[in-house]
Amino acid sequence: MKSISLLGATGSIGTQALDIIRNNHDKFSLVAISAGKNINLVRKIIKEFNPQLVSVQEKSDMDVLKAEFPGIDFCSGTSGLLEVAVYEKADILLNAVMGSIGLAPTLAAIKEKKTIAIANKETLVTAGHIVMNLARECKVPILPVDSEHSAIFQCIQGEKLQDVERLIITASGGSFRDLNREQLASVTVEQALSHPNWTMGSKITIDSATMMNKGLEVIEAHWLFDLPYEKIDVLLHRESIIHSMVEYVDSSVIAQLGTPDMRVPIQYALTYPERLPLQSSSRLNLAEVGKLHFEEMDFNRYRCLQFAYDAGKAGGTLPTVLNAANEVAVNAFLEGRISFLAIEDMIEQALGRHNNIDNPDLSTIQDVDVETRNFIHSLCK
Ligand SMILES: NC(=O)C1=CN([C@@H]2O[C@H](COP(=O)(O)OP(=O)(O)OC[C@H]3O[C@@H](n4cnc5c(N)ncnc54)[C@H](OP(=O)(O)O)[C@@H]3O)[C@@H](O)[C@H]2O)C=CC1
Ligand SMILES: CC(=O)[C@@H](O)[C@H](O)COP(=O)(O)O
Ligand SMILES: [Mn+2]
C-alpha cells in the first residue's frame, strides 16, 4: 500500500489521480490533500477518500470545513501546502498544483524523503537546479507525470544516458495551430480554451495555444533527464498519439504511444517501476487512426518556444522570469484584461529588461519571481 499526499486534488490532474486511487484502493491510500477554492469538490473528496489532512487556499473556507468535519486536520494558505507536502504518513507527494507556488512544498517534501511525482512543471522551470540538486543529495526520485516526460522516462528504461542522441518532444500545436499570426490578434479566451486533443486546466491550455507549454516542457526535460538543450528537439504532431521519442546514438528511435489520457502517465508515476491495468482506458487502434502527421516547428510562428529555449540556455534567473511573466500574463488573458498576443509581448519585455543572475539561490529566485510578477501587473493596468 502506497500512501499519497496530493497537491491540487480538485484540478484536472488531481481528479484524474483520484480516479486511479479510487480504482486501486487496495494499492493506494490518499492521506492528505490540498485544494484551492473549489470547496464543494473538497467536501466530496473528504467523504469518499477520508484523508487525514486537508489544506485549502482561504482560511475562511478552512473554518467552514473544520466545523463540518471535526475528525480531520485542516490547514490553509501557502503554509497549508507545505504541511500537506511533508505529511508524515505519506510516502509519495503527487504535486499537481498549478504554478510556481508548488516549488516550496516540493523542496520541503524532498527534505522529508518523500518520492515526488511531479506534474507541476512550473516548479522545475523556475528552480530546476535547486530541485534536482536537492533530490540527488537526499536520494529522492523525481518521477515525471507530464505526458511527454513520462513517455521519455518510459523510453529510457534500461538504457544509458550517454547513448541518448536527442529527445524529441511532440507538440499538438494547441488551439490555434491552423491560424496565422495575423489571425491570432483577435482570438477569444473561449477559442483558446478549446484544445484539440486534451482536456486540461485553463492555464496549461492557454500555454499550449501560445506554445509556451512546449517551452516549459523543454526546460522541464533538461532538468529531469540532465541533457543539454542542443539534445532536446520539439516536433509538431497533431494527433498527440506519440507522446514523445528518444533517438539513440545508433539511430534507433524509441517512442511511447497511446490515446491522449493523462491517467496513463499519472498511474505510471504512482506505480513505477511496476505497471497496473488501467480501467476503462480507451486503447490505441492505429488502423483506426490511419495516419500520423509531423511538421518542423516554426519558431517565428511560436515565439514563446524560442523565448523558452533562449531562457533555458542562458540559465540563471531567466527561466524564473519566463515562468513568472507567463503565469501573470496568462491569468490576465483568462480574465479578459489583455489580448492573446500581448502574452508573448509581455514575456519578451520581462526577459529583455532582466539582468540575469547566475546560479541563483532560493531567495534570489523568490525575489525575481515577485519582481517579475509586479512588472507584468504594471503592464496589465
Ligand atoms: N491537466 C493536464 O492534463 C496536465 C497538467 N500538467 C501540469 O499539472 C499542473 C496542474 O495542472 P491542471 O491540473 O491542469 O490545473 P488545474 O487548474 O486544473 O488545477 C490546479 C489545482 O491547483 C489548485 N490551485 C491553484 N492555485 C492554487 C493556490 N494558489 N493555492 C492552492 N491551490 C491552488 C486548484 O484548486 P481549485 O481548483 O480548488 O481552486 C487545483 O486543485 C500544472 O503545472 C500543469 O502544467 C502537466 C501535464 C498535463
Ligand atoms: C497532457 C500534457 O502533457 C500536456 O502538457 C499536453 O502536452 C498539452 O499538449 P500540447 O502542449 O502538445 O498541445
Ligand atoms: Mn505535456
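If you read the sequence from its start, that first residue is 1, and numbering goes on from there. From a predicted model like this one, the values you see are computed outputs, not experimental measurements. Both counts, for ligands and for their atoms, begin at 1 and track the order of listing. Scope of the values below: all heavy atoms of this structure, side chains included, with no hydrogens, waters or symmetry mates.
The heavy atom nearest to atom 9 (C) of ligand 1, considering only L216, V97, L124, is found in V97. One option in P105, S202, G36 has a heavy atom closer to atom 35 (O) of ligand 1 than any other, and that option is G36. Of the candidates E327, M98, E148, it is M98 that places a heavy atom closest to atom 25 (C) of ligand 1.
Judged by distance alone, the side chains of T364 and D367 never bring a donor and an acceptor atom under 3.5 Å apart.
Not a single heavy atom of H237 sits closer than 4.0 Å to an atom of ligand 2. For the ligand labelled ligand 1, residue Q57 lies inside the 4.0 Å heavy-atom shell. Ligand 2 does not have M211 within reach: every non-hydrogen atom of the residue lies 4.0 Å or more from it. Heavy atoms of S34 come nearer than 4.0 angstrom to ligand 1 in no pair at all.
For the pair Y302 and T210, the tightest heavy-atom approach, listed with the atom from each and the gap, is CD2-O, 4.3 Å. When every heavy atom of A109 is checked against every heavy atom of I116, the shortest pair comes out as CB-CD1, 3.7 Å. In this structure, K203 and N326 approach most closely via the heavy-atom pair NZ-ND2, 3.7 Å.
Nearest to the Mn ion (ligand 3), among the N, O or S atoms that E148 has, is OE1. Residue-level check: among N/O/S atoms of E217, OE2 sits closest to the Mn ion (ligand 3). Of all N, O or S atoms in D146, the one lying closest to the Mn ion (ligand 3) is OD1.
Considering only heavy atoms from C-beta on, L236 comes within 4.5 Å of M211 through its side chain. You'll find the side chain of I242 reaches within 4.5 Å of the side chain of F294, heavy atoms only. The shortest side-chain heavy-atom distance between I152 and I169 falls under the 4.5 Å cut-off. Residues L93 and T115 are not in side-chain contact: their nearest non-hydrogen atoms beyond the backbone lie 4.5 Å or more apart. At a threshold of 4.5 Å between non-hydrogen side-chain atoms, the residues W223 and I219 count as touching.
Atoms of ligand 2 lying under 4.0 Å from any heavy atom of K121, numbered from 1 in the order shown and given with element: 5 (O). Near K121, with a cut-off below 4.0 Å to any heavy atom, the atoms of ligand 1 are 43 (O), 45 (O), 46 (C). Those atoms of ligand 1 that come under 4.0 Å of a heavy atom in N120, given as number and element, are 43 (O). Of all atoms in ligand 2, listed by their number and element, those nearer than 4.0 Å to a heavy atom of A171 are 12 (O). The distance from ligand 2 to the heavy atoms of S172 drops below 4.0 Å at these ligand atoms: 10 (P), 12 (O), 13 (O). The G8 neighbourhood of ligand 1 comprises atoms 21 (C), 22 (O), 41 (O), with distances under 4.0 Å to a heavy atom of that residue. For ligand 1, the atoms sitting less than 4.0 Å from at least one non-hydrogen atom of M262 are 3 (O), 48 (C), numbered in the order shown with element in parentheses. Close contacts between ligand 1 and M200 involve ligand atoms 1 (N), 2 (C), 3 (O) [criterion: under 4.0 Å to a heavy atom]. The distance from ligand 2 to the heavy atoms of K214 drops below 4.0 Å at these ligand atoms: 7 (O), 10 (P), 11 (O), 12 (O). Taking every heavy atom of S147 and a limit of under 4.0 angstrom, the matching atoms of ligand 2 come to 1 (C), 2 (C), 3 (O), 7 (O).
Of the heavy atoms in N197, none comes closer than 4.0 Å to ligand 2. For R177, no heavy-atom contact with ligand 2 is shorter than 4.0 Å. Under 4.0 Å from ligand 1, heavy atoms of S12 appear from its side chain as well as its backbone. Here H195 has side-chain heavy atoms under 4.0 Å from ligand 2, and that is the only part of it that gets that close.
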*asked:* Q154 vs S150, test: side-chain hydrogen bond (donor to acceptor under 3.5 Å, both in side chains). Steps then yes/no.
replied: CA-CA 6 Å; Q154 293 179 56; S150 175; 3.0 Å; yes
*Would E148 and K214 count as a salt bridge (Lys or Arg N to Asp or Glu O under 4.0 Å) if you check the C-alpha gap in whole Å, the side-chain angles of each, and the deciding distance to 0.1 Å?*
CA-CA 10 Å; E148 296 75 5; K214 229 32 67 176; 2.8 Å; yes
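Residue N355 places its CG atom among 12 or fewer non-hydrogen atoms of other residues, nucleotides or ligands, all under 6.0 Å distant.
Using cut-offs of 30° and 60° on the angle between ring planes, the pair Y309 and Y229 is perpendicular.
By the 3.5 Å distance cut-off applied to N or O atoms, L81 is not counted among the residues near ligand 1. Taking only nitrogen or oxygen atoms, main chain and side chain alike, I13 reaches within less than 3.5 Å of ligand 1. Of the polar atoms of E122, at least one N or O is found under 3.5 Å from an N or O of ligand 1, judged by distance alone. Remark: ligand 1 and I101 share no N or O pair separated by less than 3.5 Å (distance only, no angle test).
Regarding atom 39 (O) of ligand 1, its nearest protein heavy-atom neighbour is K37 N, 2.8 Å. Given atom 44 (C) of ligand 1, the protein heavy atom at minimum distance is I204 CD1, 4.0 Å. E148 OE2, 3.6 Å is the protein heavy atom nearest to atom 6 (C) of ligand 2. The nearest protein atom to atom 10 (C) of ligand 1, hydrogens excluded, is given as A96 O, 3.3 Å; this is a heavy-atom distance. In terms of protein heavy atoms, atom 15 (O) of ligand 1 is closest to G201 CA, 4.0 Å. For atom 7 (C) of ligand 1, the nearest non-hydrogen atom of the protein is A119 O, 3.1 Å. Remark: minimum distance from atom 41 (O) of ligand 1 to any protein heavy atom is reached at T10 OG1, 2.7 Å. Closest to atom 47 (C) of ligand 1 among all protein heavy atoms lies D146 OD1, 3.2 Å. Summary of contacts: the protein heavy atom closest to atom 19 (O) of ligand 1 is G11 CA, 3.2 Å. Residue, atom and distance of the protein heavy atom nearest to atom 4 (C) of ligand 2 are M200 SD, 3.6 Å. The nearest protein atom to atom 11 (O) of ligand 2, hydrogens excluded, is given as N213 ND2, 2.7 Å; this is a heavy-atom distance.
Ion pair E88/K114 not flagged as a salt bridge, since none of the NZ, NE, NH1 or NH2 atoms sits closer than 4.0 Å to an Asp/Glu carboxylate oxygen. Between K2 and D91 there is no salt bridge, since no side-chain nitrogen of the basic residue lies less than 4.0 Å from a carboxylate oxygen of the acidic one.
Put simply, NE2 on H195 and CG on N197 are 6.0 Å apart, with the number rounded to the nearest 0.5 Å.
In this structure, S172 contributes its side chain and G174 its backbone to a donor-acceptor pair below 3.5 Å. A donor-acceptor contact shorter than 3.5 Å links the side chain of Q191 to the backbone of T188. Between the side chain of S147 and the backbone N or O of H243 there is no donor-acceptor pair closer than 3.5 Å.
Residue pairs that meet the ring-ring contact (aromatic ring centres under 6.0 Å, His included) test with at least one member in residues 131-178, sequence neighbours left out, are F153-Y272, F176-F340.
Looking at R136, H129, E137 one by one, the single match for side chain to side chain donor-acceptor pair (under 3.5 Å) with N133 turns out to be R136.
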